[in-house]
Number of protein chains: 4
Amino acid sequence: MQAPAVHRQTRPGLRQRPALGAAMSTSVAVLGATGLGGAVAAQLLYRHPAFELKHVTARGEAGRRLDEVHPRTRVPLELENFDADALDVEAAIVAYPHAAAAPVVAALRERGVRVVDLSADFRLRDRAIYEDWYGEHKAPEIFGSAVYGLPELTREAVASADLVANPGCYPTATLLALAPLARAGLIADVIVDAKSGVTGAGRHAKDFVETESNVQPYKIDGHRHTPEIEQELAALGNQVTITFMPHLLPLAQGELVSCYVTLSREAGDDELVELYDDAYAREPFVELRDGPVGVQEVRDTNYCRISYVQDRRTGRLIVFSALDNLWKGAASQAVQNLNLMFGRPEGEGIR
Amino acid sequence: MQAPAVHRQTRPGLRQRPALGAAMSTSVAVLGATGLGGAVAAQLLYRHPAFELKHVTARGEAGRRLDEVHPRTRVPLELENFDADALDVEAAIVAYPHAAAAPVVAALRERGVRVVDLSADFRLRDRAIYEDWYGEHKAPEIFGSAVYGLPELTREAVASADLVANPGCYPTATLLALAPLARAGLIADVIVDAKSGVTGAGRHAKDFVETESNVQPYKIDGHRHTPEIEQELAALGNQVTITFMPHLLPLAQGELVSCYVTLSREAGDDELVELYDDAYAREPFVELRDGPVGVQEVRDTNYCRISYVQDRRTGRLIVFSALDNLWKGAASQAVQNLNLMFGRPEGEGIR
Amino acid sequence: MQAPAVHRQTRPGLRQRPALGAAMSTSVAVLGATGLGGAVAAQLLYRHPAFELKHVTARGEAGRRLDEVHPRTRVPLELENFDADALDVEAAIVAYPHAAAAPVVAALRERGVRVVDLSADFRLRDRAIYEDWYGEHKAPEIFGSAVYGLPELTREAVASADLVANPGCYPTATLLALAPLARAGLIADVIVDAKSGVTGAGRHAKDFVETESNVQPYKIDGHRHTPEIEQELAALGNQVTITFMPHLLPLAQGELVSCYVTLSREAGDDELVELYDDAYAREPFVELRDGPVGVQEVRDTNYCRISYVQDRRTGRLIVFSALDNLWKGAASQAVQNLNLMFGRPEGEGIR
Amino acid sequence: MQAPAVHRQTRPGLRQRPALGAAMSTSVAVLGATGLGGAVAAQLLYRHPAFELKHVTARGEAGRRLDEVHPRTRVPLELENFDADALDVEAAIVAYPHAAAAPVVAALRERGVRVVDLSADFRLRDRAIYEDWYGEHKAPEIFGSAVYGLPELTREAVASADLVANPGCYPTATLLALAPLARAGLIADVIVDAKSGVTGAGRHAKDFVETESNVQPYKIDGHRHTPEIEQELAALGNQVTITFMPHLLPLAQGELVSCYVTLSREAGDDELVELYDDAYAREPFVELRDGPVGVQEVRDTNYCRISYVQDRRTGRLIVFSALDNLWKGAASQAVQNLNLMFGRPEGEGIR
């Protein structure tokens, strides 16, 4: 067949971003924009009314346009190599793998750039635990300087932070599920059976043929999100050693955690309702539901849906929590954090 | 197990729509809002800066909230029974099945409401052909009064129309693929091999077990979109009898049509580039691409992606066109039409 | 388009079943052969070297051929209405829903037909518990007369039984996972997080659009397989109240249960190896594995794959068990039981 | 967590293959047994009553057991490196990629081993055309010595062949669809719109995230199966230049071709029925059907399902053909060929 005629991609309508008062727009960059989380972050910031996306970087794909690599983003910016000195921005989302992220974050912080980091490099506060699970830390001088950025739990600290560690996807789902109980010290023991599509399972995601029509556990010898969850439950006042077991499902996006909680004391319906309502009734991005919750309901959104049921026969409380690992579990939560850091309405650009 | 504690769904953040200058907002209703197309239309209009969604109706589910039936819409409005007299709106999107739509549209038109109708009831201009494929028409008095609303082809007529017949999903994809050729009278013969997910296959969509890991043709004795496509190709100046064959794929949303065109005369690369660029280089929602196009790239968007290749061995031109049947093939195109009818920017609320 | 030429389906090759010594073949029927479990049972028995499938019945589809309703079975037998007196067979698999099954089973037993019943009607031994979960029993006169047919646990009793209650799919997976521990009295507490494709979720399976790209719990107020599992664990010597929670996944066939066991006392690696090897090293249809097990590995087979891992931090033992709910969880296990009842090699016709 | 106890996989039942009269068993090898086609071939031959699978080879995985790499095969044989001299077998299935296959086939033929080759290396009879599409041939000395092994069309030649070129998956589906017409010289022109799951799309199959919920054409500049189909249509007496266009669907196994045939003269219903019945009424593995055919109906089988419909408006004949690319399109068809070559019943071991 003949080589097809070559068209440049011409979508002039998209090139005009919403007009902004120049004074109010904050310049931002997304580093590692060709990973799945980074791409969604770029997609959201490119259309955000208060931020101007000036740079997108990617190792090995510099020169291509982001919308060629990830058509769904419709971000026609050219990918660049990372160069800290060339990044004349006020803020950045760093979407590098752990270990690779730390030195990049350090370089940005040195230059005064405010950062939301999607990796695990700054989430843990105990360096020994970090190095146990992830190996040597690559920017020890700023280890411990980050705020854990789960807005529903740490909103105020985020607002004034210069470095925000964006939570892991499973920790986001699990902590939102358990926080109302943890604050009341109600968790004596908890098993978290986690179910994720392939984008949430990282390197353990397999190819189509192995994944389709399948379900299986993975990382059965221990998942790195375990200490992160335990750290934040303790920060809420409930020290507990958890069992966490992830499973890979045949879907692209979405995570459901089923948390089996042994309560430290009896808790009646009214108390539970009050705990969960107090925590979330005014939260714009947490949806309390009765009955089953599913990941399809939150796909491509910043919402987390939570429901619970008490097993009358055993007294156990079962809490379900569903979110999109690329959105509330990563990129849209990063933008939610950026909104807080720059005094914008928390939900701007992520609805 | 114990009955779960009853929470009301509390998402106060969502209840505040973007503040509008009251003067500029046009009141609208979506009739048949619990069908898949209607639900997306309601979702888009509820957040649209220039329209105020005042009513959503559904036969048999009045009293429930739309976001209970379709959580992804996040439209907390209560579903009502249809009552033409109670609908104090300036415009409506009607998302009823064919035959059921006609009398509802007639009632609305009598009351001066401007209508975009998603059904097939007003798309055909020859009543004999309509009744051949669909049976008796239920509002013959207004048959023929509609404008066929494919904005890229009929933008000006839509702007002043009171009744717009929103195109079928397959016709939208096929006509956008073929219009540049049809205008030049280049189509001697065309075979359209159409591939759709289950929401595009209507009643022929089967349950999960029969659909998963499967692909099969359906309606092999003739699909009702055939005369609609032929009518509009003729309107563009190219009378042709087409072969149209739909297939059902294991996905929820998205349609790809592969159009095999025998050209009426030779056409070189330059001519083809010029024809397609003239047609679409300035269109905000048509994306010309080289190489394969896939439905995933347009899911949940108003975009239609088109590419073509010429088979040097046979001279045949093969045009591919991908869209989301619920969006550009139905609901977001309906909003695009509404925008035109009310003088709004064409892409408002559907980006 | 023209009506297609009418062909009768002509696959003469398939009509000749494997030649059998007439003396050795046992006549069988499958009642309810158009349900998914019944169809697989018919498919297996039609090709079984020792059974002759004489009748297949289905309410409401009498007169059609089974291979028209379920092409994959390739069983060209005509479906009949059920008539106990017309069934001149020595054995039957009954694949009716619970409550509907009981009277049919009773009628067959009266006529001396040996029965494997796929429903829940004869699995429980305590009638009060049955009626608590399923309502009134429809053949109380034979309640309690069945043998619970999980060959790996109850092989000898099955061999001489006239009525075998085929286990539920979840109980098969769970009991095979836990039996080695239960026999040793090692289970102090267990949470079973169960994950199933739509054919295992019964009436709760939803349509393609709601199921695709989704995962959600269902029957969160209590699943009927709970008392069945508890009964059989007790029969193995381990009385325990379990927590059982099923989830619906976007796949057609297959179930994985993840069992979180709190041990009643410490158990070392060696003891666990010995317990599982003693139980299954010589079992043809249980596959002990290290590492993750997935349902794809057992699809369309009678195998159950089991692996376990001990959480060093909590001491908890996590046992995974995967099977195909339509095969080992229903139809092929029913044939395995029939093989035992009629002195055939246990794996005949199901490899 | 603790390292799990190490079990060896113990399935003694499976290790005993069906007892065979030693005299009747033919020794075979599968070379390239870890590819998807090779794995299915090994699975079928391991349980075949007339062949003894003595060797399975794989580059780079020697020493592992095949059932570890592909659990579904349940073939507990150890993978070896290929060594032509060590292969004391009478026959072999070669499942190497094209170009890699040719020299291996030549080495085997030199040693008198009868071969079925799954690659494209011996399918074409015109070396110039081969080298146009595939590059230099790596065993030119035996180019042209193979029989094209599509049993329904070339049964007799296969029976006496020493080297059989197993057809491509798309050619198998397409040729079975069109052979009855080609023999009558009825094809003036044909467009083949092919739809395949990822295992049929070879290197063009993408990962889960890019494939799921997607459909797109691939190899739009020309697919290598085109000349193979044209060659065999010509061999049946119908010279024709075809248009062939493949598409990738979100499923693992299965292919459907939709063939749009412009007839060279009018053909009535009766003639078409007679042509197709003459061709296939007695074929055990071709199923003529009225109405739509789907790939799910033939998954994991050696069947090809065919139906057709005539478009009254254009006179065009549309023929649909569905098969499993790994079975009838590769491995089970190879065993069908082996059965013919060694005088076994054609369907032995593949039902």
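As a basis for the values below, the full set of heavy atoms in this structure was taken, side chains included, without hydrogen atoms, waters or symmetry mates. It should be emphasised that the depicted structure is a prediction, and the values quoted were computed from it without experimental measurement.
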Any idea which heavy atoms bring C/P217 and A/P292 closest together, and the distance? O-CB, 3.2 Å
Could you tell me whether the side chain of C/V215 reaches within less than 4.5 Å of the side chain of A/L251, counting heavy atoms only? yes
Which donor-acceptor pairs sit under 3.5 Å apart between chain A and chain C?
unit_1	atom_1	unit_2	atom_2	d
A/D189	OD1	C/R316	NH2	3.2
A/D189	OD2	C/R316	NH2	2.3
A/D193	OD1	C/K195	NZ	3.2
A/D193	OD2	C/K195	NZ	3.0
A/D193	OD2	C/Y260	OH	2.6
A/K195	NZ	C/D193	OD1	3.3
A/K195	NZ	C/D193	OD2	3.0
A/V209	O	C/Q296	NE2	2.6
A/E212	O	C/Q296	NE2	2.8
A/N214	OD1	C/V295	N	3.0
A/N214	OD1	C/Q296	N	2.9
A/V215	O	C/V295	N	3.3
A/E230	OE1	C/R313	NH2	2.6
A/E230	OE2	C/R313	NH1	3.3
A/E230	OE2	C/R313	NH2	2.7
A/I242	O	C/R313	NH1	3.3
A/T243	OG1	C/D311	OD2	3.2
A/T243	OG1	C/T314	OG1	3.3
A/T243	OG1	C/R316	NH1	2.8
A/H247	NE2	C/S258	OG	2.8
A/S258	OG	C/H247	NE2	2.8
A/Y260	OH	C/D193	OD2	2.6
A/V295	N	C/N214	OD1	3.0
A/V295	N	C/V215	O	3.3
A/Q296	N	C/N214	OD1	2.9
A/Q296	NE2	C/V209	O	2.6
A/Q296	NE2	C/E212	O	2.8
A/D311	OD2	C/T243	OG1	3.2
A/R313	NH1	C/E230	OE2	3.3
A/R313	NH1	C/I242	O	3.3
A/R313	NH2	C/E230	OE1	2.6
A/R313	NH2	C/E230	OE2	2.7
A/T314	OG1	C/T243	OG1	3.3
A/R316	NH1	C/T243	OG1	2.7
A/R316	NH2	C/D189	OD1	3.2
A/R316	NH2	C/D189	OD2	2.3

Report which part of C/V209 has an atom under 4.5 Å of a heavy atom belonging to chain A: side chain, backbone, both, or neither. backbone
Relative to chain A, which segment of C/V295 carries a heavy atom at a distance below 4.5 Å: side chain, backbone, both, or neither? both
Approximate separation, where rounding is to 0.5 Å, of A/I191 CD1 and C/I191 CD1: 3.5 Å
Looking only at heavy atoms, the pair that brings C/I220 and A/G291 closest together is CD1-CA, 3.7 Å
